[in-house]
Amino acid sequence: MSTRVSCALTIVCLSLASAARPVEPGRFDGRSWWAHVKVLADDRRQGRETGSPGLREAESDVVDQLKKAGLEPAGEDGGFYQKVELESRQVVEKDSSAALVRGDKVEPLVLGEDAILSARVDLAPEVEAPLVFAGYGLRVPEKGYDDLAGLDLAGKVVVVVNGSPAEIPGPLASHYQTNRERWKAFREAGIVGVVSVPNPASMDIPWPRIAASRAQPAMDLRDAAFHETEGAELAMVYNPARAQTLFAGTGHTFAEIAALARERKPLPRFPLGASVRVKARVEKQPVESANVVARLPGSDPTLKSEDVVLSAHVDHIGVGEPIGGDRIYNGAMDNASGTAVLLDVAFALARGPERPRRSVLFVFVTAEEKGLLGSKYFAARPTVDPASMIADVNVDMFLPIVPLRRLTVWGLDESDLGDAARAAAAAHGVEVQRDPEPQRNIFIRSDQYNFILRGIPALMMAVAPDPASPEQVKLFRDWLTQRYHAPSDDTAQPVDLSAAGLYEDVVRILVLDVANAGRRPEWKPDSFFRRYTGKVPSPVAPGDSSRSRRR
Ligand SMILES: [Zn+2]
């Protein structure tokens, strides 16, 4: 039985809720979590590439567990699945080439060593255009900041360094680095292509692995209503260790620019005195995949029409270039770990003593690794009433590799959910911190972002190293360099089961508190993301105007 509480402030209400509930230690010991991870990240699942039999089997494992937990299907046609239609694009390198052209001098580039072509945009068969260095390539109207201002960019290809100046707050900087926002600004300036140079100070993985990733096809949703980079003819990623060639003869060096970018200082902007010449042949294939959606119905007759969403991606990057003789990119932490958290929390809530008042919607998405495509599709064309979703807690690669004393919460200051997360963590004596590395853009790099764009308050949490412990800081850094998107992110790696179990309980408390609170979470008055509240979803289903009216 629950008492109906009315609170003037959701924050107070949420904190009271967690203060009142005694914590039951040992509810999760990490063992069930690890058992789920072992199934999903098994070699037989072949790294769960989007569209592959391995991902289909892993999703069927998930559905079996959801049935066992007694959840209701909430996908299409009364089932657990939502079909997601995609197109894969693979650059055929033997029929493709790239070069820098300076006057009559042509300097061929070696694909894979100097740069790679990115089929995230629909590459034109042939492009030749002058290069202009545009700093971070960012336009942030809220801050009156514009790297494109004052440059002649019509018909040009811009070279940009990934990152942002310190004066732009993290969430805002991340938002304007999305493909969608970048290409809005680029199109307006007449830019036809982009060469991005990873910021050596914030590269998660070393160049050889970035280069190796080009063996995997890029994907986009098949429906053109979702495409975001129209007008783009070229996208390249340039090896920072070779980037000096781009700046030859300009009076600037890449070392000088990288040093400024490391400090998040403003960057100079200038024409590079060279053109890029690219021929690209791209093979396209239709790909079919699916999201998995299930609901635990709430206990309150009115509030059960509202859903607290828990999301995690099931897909990973499949089979690729062997590293240390291993070709299977198992994705144990990325993101069998998050999928397993959702399954454990589903069991705990379904079998717990008290049903949450609101419903809890479990959304397992596909194609996250291809650019958050499964969640983008679900958030735009949900299988449930779009207005029912009041919050999203996303779990992606939460890294229980040290004891859990501190959580990083992305979106901590943006909505009431941040306060609820703080309270849920405090129930276990765990501290929370905001994103200590905003330049890595984690806030836009996982599925919560697509819910945010629909006006739904969202956050993501992960285990953080103790900043006072050089060993822990190194452990996390090494994990990213060596295991992230590598075959060694498998079940042979060491994990901290008690940290995983504790994390699961923080998620369980957070979801319960939000599901039981008197009021739904809201964006903070000064949050940039508040602007998406109540916005008509775009794109809507073709010919479906009822959905946009419902919002
Ligand atoms: Zn990943």
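Numbering of ligands and ligand atoms starts at 1, following listing order.
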>> Looking only at N, O or S atoms in Asp334, which is nearest to the Zn ion (ligand 1)?
In response: OD2
> Out of Leu342, Asp307, Val292, Leu343, which residue meets the side-chain contact (heavy atoms from CB on, under 4.5 Å) rule with Phe362?
Replying inline: Leu342
>> Less than 4.0 angstrom from a charged side-chain N to a carboxylate O is my criterion; do Arg381 and Asp223 meet it?
In response: yes
> With distance as the sole criterion, is a donor-acceptor pair present between the side chains of Thr366 and Asp315 under 3.5 Å?
Replying inline: no
>> From the N, O or S atoms in Glu369, identify the one nearest to the Zn ion (ligand 1).
In response: OE2
>> Under 2.8 Å from the Zn ion (ligand 1), is there any N, O or S atom belonging to His485?
In response: yes
>> Nearest 0.5 angstrom please: Asn239 CG to Leu109 CG, how far?
In response: 11.0 Å
